[in-house]
Structures are given as structure tokens and as C-alpha cells.
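Right, one structure below, let's go through it.
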Amino acid sequence: MSVQMNEQLESIYQEIVKRNPGEQEFHQAVHEVLDSLGPVLVKYPEFGKRKVIQRLAEPERQIIFRVPWTDDKGEVHINRGFRVEFNSCLGPYKGGLRFHPSVYLGIIKFLGFEQIFKNALTGLPIGGAKGGSDFDPKGKSDNEIMNFCQSFMTELYRHLGEYTDVPAGDIGVGGREIGFLFGQYKRITNRYESGVLTGKGLDYGGSLVRKEATGYGAAFFVQEMLRVRKQSYEGKTCVVSGAGNVAIYTIEKITELGGKVVACSDSNGYIHHEKGIDLELVRQLKEVERRRIKDYVEYHKDAKYIEGGNIWDVPCQVAMPCATQNELTGKDAEKLVKHGLIAVGEGANMPTTPEGVRVFQNANIAYGPGKATNAGGVATSALEMQQNASRDSWSFEYTEKRLAKIMSNIHEICYETAEEFGTPGNYVNGANIASFIKVAKAMLAMGLI
Ligand code: NDP
């Protein structure tokens, strides 16, 4: 337990663990936020008295449902669907859907809890939620994906609405899945309600830059952290884990800003390409052909593929974990620091273990936690909602400018709040404290809800 966690917070944390047994990722996410809140409860004793933390840790609503579907051979499968609507004080519930076999309630709750604070940091009117299923999209045909999405939406639709709950994508849910989900929502409700889902295709209400936003935003956030240290991407070697939506656009923007990304991965292994990752090839393999990252070496004989390897063995100055939770451990962090690391930007949600975070902070690494660094995705989703509400669509340049401004604002809020609360340079405290205060004040203003 950290030194900052006082008795009051420790007992609140223990109560939350007891009420939510077996949900290790959720406990971890709650602990990480509570760890920052000691000085906040001193400054705002009313938050303690009105039990704001306990209320925040209890979702407003949790929906768990059966998702039956048939595969191409006619065989029946049953998956479990989730939507955890955590907090709607700042706006309609907003947060992605994850389709991955590892999904269970504890993962959806960790993601939904994080989402409350991330969304508050964007400064846009969105509450926090997350959802998904233990369905594995890997190796499924388009028809099977459609069958699953239609069945999933057949239950979920009754809980959604542009003023109620607005899902988007996450792991395993990209443009294809959002299209099938939107089509089924429209069909069941007989309403063309564009603002009910974000991450839509550009032909039917999607926003330019939404696809790129999480990765671009993460690259912008790190650029700000480097700027504060009077540095830039210029000439820096970077490693980006994953090869999905967030990873691809993180690589694109870092490269554009002068950095050299030399490694990326999927869950089977990683590619190390000293010359710099060939992004067009990664995009073709992963986005278009849905192949594995190992196929990269068929086209680049000078690149290495390490099956089952650990991407954090690759020395770099900027590390961007963009795959999944707890992918970067304390040992990985030690190795990275030894190899000359300067900055870490979390494109994924909670990718660094608590031990890893401690190593980075003790070594004075510029460390951007996911809830700040990857907030560009949901921020651009909120911009998509704005465009849908006004039946408008903005240009790529204008939307990207809005994204860049939002990311620099988030950086500034985190930086200044960390200073104000006596921990300069600690973006974890800055992000947790600034967003918590915003949500807590809104909750108090609305009475006991
Ligand atoms: P994608 O499904 O597009 O890509 C995920 C990538 O991570 C794939 O390369 C995948 O490899 C790899 N991966 C997934 N699970 C594991 C695992 N257990 N071990 C190793 N590698 C793994 O997802 P996204 O890019 O959308 O999401 C990546 C991360 O970013 C997640 O943490 C997500 O919550 C977060 N995020 C996403 C946002 C978005 O807008 N999409 C917004 C904010 C955060 P493989 O193909 O082998 O499974």
C-alpha cells in the first residue's frame, strides 16, 4: 500500500474490494485513483462526508445478458454481453465495447471506472461507461461477426440512446463491428439516431479523425511531456506495442513528428525493424487483410520477428504501450529505464502494472497514464456526437486541430494540478485529482443520486 493512502482511504478501498470479490483489474484501477486522493479529502472534507468515492465505485447500472448466435455451419454459440453504466453526472454514458475472450465483469468495471475520469479530463459533456463480450472475433467470417453483433444489439439497444448511453469501439470492435451494431439499432428502433454510436463509417455519420484519434492524441500528449523537458521526438527511438487501431495511428503520428518507431507487436510476438517500421505494410496486414504481425518479415528480410518475445526488451527512449492491460511489468520498466528511457505514453488502458508505474516515477521518467494520454479517442467521439447533433461534418484539418488542442489542455490540467497538490511532474496524481474533483463537484451539486 502506498504512503499516500491514509486510513480513511484504505478502509474505503477495503470495503470496495469486499463488495466486488474476484475483480482484480477493477480493484487495481480503484486503488490507483484512491492513491492520489489523500490531499483532496483534506481540502474538500465534504467529499468524504457525502461518500463520493463509495458512490463513484458503485456503477449506476450494470447490465449482463445472453448473446446467442450461429456460426457459418449453423452451430449455436452462447456468449455473455456486458454494459456497465458507471456515472452520468457530466453527460450521457460514454465508453467503448470490447470483444475479447478475456472479458468478464472485472475488466469491464475497471475500464468503465477509468472512463469516468478520462471523460472528465476531456472537458466535454460525457459520463463514463464500458461494455463488451467474451466473444472472440479472431478467425470469424464477416457473416459470423454480423450474426454476433446483431444478437448483441438486440438486447443492448433498449439501454442506449443519444442522450442516455453512447458506445464506441475498443479491442476487437472497429469500423466493421460498429457498422453492424448501428444497422441493427436502426432496424429495431426505426430511428436514424446517428448520435447513438461513435466510430461510425464516414458514409453514415462518422467523424474524420475518429479512427486516428486515440493514437494521434497519445502521440500529442507525449509531445507535450517532452516539450516540458525541452525535448522533442526528433531523433528518438520509439517502441509501440500492439498492431491494432491505437498502435497504428500512434506509429503514424510519432513518425510524422520526427520519431523513429522500431518495434510493434500482436499477442503472438513482436517485430523489430531497426530501419523503422513500415507502417503502410502493418496497415495492409492488420487493417485490410486481418493477418498476423509475423507476416511482416515476408516483405522485409532485414526485420526480425520474435515469436512469444517481450517487446519491452527493445531499447528505446519513448515507450508507448498500446495493446492491453498489465502488459508492462516492473521488470520491463527496470529494463527500459536501464536502456535510456525518457518518456512513456499509455495508448492502452492500464497497460503498466503498479510496480512498473513505481519504477517509472522513481526514475523520474515522464509517465503519461492512459486516462490522460489516450483520452483523444473518446474526445473525438464527443466531437462526432457534436457533428451528428448539428447534422454537420467537419474537415480533417479542423477536427485534428480540435484534437490537438484538447490533448494540450489535458496535459496542462494534469501538469498544473500535480504542481498544485505538491507532486510536480506526477501526471498520475494530476489526472486523478483534476478529474475526480470535477466529477465529485457535479455529483454534490445534483444531490444524493
Ligand atoms: P485492437 O483490437 O484494434 O488492437 C489491439 C492490439 O493489441 C492487437 O494488436 C492485439 O493483438 C493486441 N492485444 C490485445 N490483447 C492482447 C494481449 N492480451 N496480449 C498481447 N497483445 C494483445 O484494439 P485497440 O487498438 O482499439 O485497443 C488497444 C488498447 O487501447 C486497449 O487497451 C484499449 O482499451 C485502449 N483504447 C482504445 C481506444 C480506441 O479508440 N480504440 C480508446 C482508448 C483506449 P492480437 O490481434 O493478437 O489480439
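Indexing begins at 1, ligand by ligand and atom by atom, following the structure's order.
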Parallel, tilted or perpendicular: ring planes of Tyr415 versus Tyr427, cut at 30 and 60 degrees: tilted
Cationic N near anionic O, under 4.0 Å, Lys294 to Glu307: no
Min over Ser102, Ala168, Ala348, Ala323 of heavy-atom distance to atom 28 (C) of ligand 1 lands on Ala323
Relative to atom 44 (C) of ligand 1, which among Leu111, Val378, Asn349, Thr380 owns the nearest non-hydrogen atom? Asn349
For atom 40 (O) of ligand 1, what is the closest protein heavy atom, and at what distance to 0.1 Å? Thr214 OG1, 2.7 Å
heavy-atom search around atom 46 (O) of ligand 1 in the protein gives Arg292 NH1, 3.3 Å
Is there a donor-acceptor contact under 3.5 Å linking the side chains of Glu256 and Tyr216? no
Nearest protein heavy atom to atom 37 (C) of ligand 1, by residue and atom, and its distance? Val246 CG2, 3.4 Å
Under 3.5 Å between some N or O of ligand 1 and some N or O of Gln325? no
In the protein, which heavy atom is nearest to atom 6 (C) of ligand 1, and how far is it? Gly244 N, 3.9 Å
Do any nitrogen or oxygen atoms of Asn374 come within less than 3.5 Å of a nitrogen or oxygen of ligand 1? no
Not counting sequence neighbours, list each pair that qualifies as a ring pair (Phe, Tyr, Trp, His ring centres under 6.0 Å) and has a residue in residues 111-131. Phe26-Phe113, Phe86-Phe113, Phe113-Phe117
Polar contact flag for Gly377 and ligand 1 (N/O pairs, less than 3.5 Å): no
If you round to the nearest 0.5 Å, how far is SG of Cys264 from CD1 of Ile277? 4.0 Å
Check whether any N or O atom of Ser267, backbone or side chain, sits under 3.5 Å from an N or O atom of ligand 1, and answer yes or no. yes
Under 4.0 angstrom from ligand 1, any heavy atom of His100? yes
Under 3.5 Å: N/O of Asn245 near N/O of ligand 1: yes
Would you check if the side chain of Glu224 reaches a backbone N or O of Met407 as a donor-acceptor pair within less than 3.5 Å? no
Nearest atoms (heavy-atom pairs only) where Pro68 meets Ser151: O-OG, 2.6 Å
With heavy atoms and a 4.0 Å threshold, my read on which part of Glu287 contacts ligand 1 is neither
How long is the straight-line distance from CZ of Phe221 back to CD1 of Ile410, given to the nearest 0.5 Å? 7.5 Å
Which ligand 1 atoms does Arg98 reach within 4.0 Å, using its non-hydrogen atoms? 31 (C), 32 (O), 33 (C), 34 (O)
Can you name the atoms of ligand 1, numbered from 1 with element, that are less than 4.0 Å from a heavy atom of Gly347? 30 (O), 35 (C), 36 (N), 44 (C)
Where is the nearest protein heavy atom to atom 23 (O) of ligand 1: which residue, which atom, and how far? Ile171 CA, 3.4 Å
Flag the pair Phe82 / Phe152 as yes when their ring centroid distance falls below 6.0 Å, and as no otherwise. no
Do you know the tightest heavy-atom contact between Ile108 and Gly132? CD1-N, 4.0 Å
Could you tell me which atoms of ligand 1, counted from 1 in the order shown, lie closer than 4.0 angstrom to a heavy atom of Arg210? 40 (O)
Can the positive tip of Lys140 be found less than 6.0 Å from the middle of the six-membered ring of Phe99, inside 45° of the ring normal? no
Should Lys130 be counted as touching ligand 1, given the test is an N or O pair under 3.5 Å? no
What protein heavy atom is closest to atom 33 (C) of ligand 1, reported as residue, atom name and distance in Å? Asp170 OD1, 3.1 Å
Below 4.0 angstrom from a heavy atom of Lys138, which ligand 1 atoms are there? Numbered from 1 as shown, please. 45 (P), 46 (O), 47 (O), 48 (O)
How close do Leu285 and Arg292 get, counting heavy atoms only, and between which atoms? CD1-O, 4.4 Å
From CG (Leu90) to CD1 (Ile116), nearest 0.5 Å: 9.5 Å
the protein heavy atom lying closest to atom 16 (C) of ligand 1 turns out to be Thr324 CG2, 3.6 Å
Return yes or no for this condition: an N or O of Ala243 is under 3.5 Å from an N or O of ligand 1. yes
Do any N or O atoms from the side chain of Ser133 and from the backbone of Arg80 form a donor-acceptor pair under 3.5 angstrom? yes
Given the side-chain rings of Tyr93 and His159, with only the six-membered ring counted for Trp, is the space between their centroids under 6.0 Å? no
Answer yes or no for Cys322: is there a heavy-atom contact with ligand 1 below 4.0 Å? yes
Compute the shortest N/O to N/O distance between Asp266 and ligand 1 and return yes if it is under 3.5 Å, no if not. no
Just go through Pro101, Gly96, Pro351, Gly172 and tell me whose heavy atom is the nearest to atom 2 (O) of ligand 1. Gly172
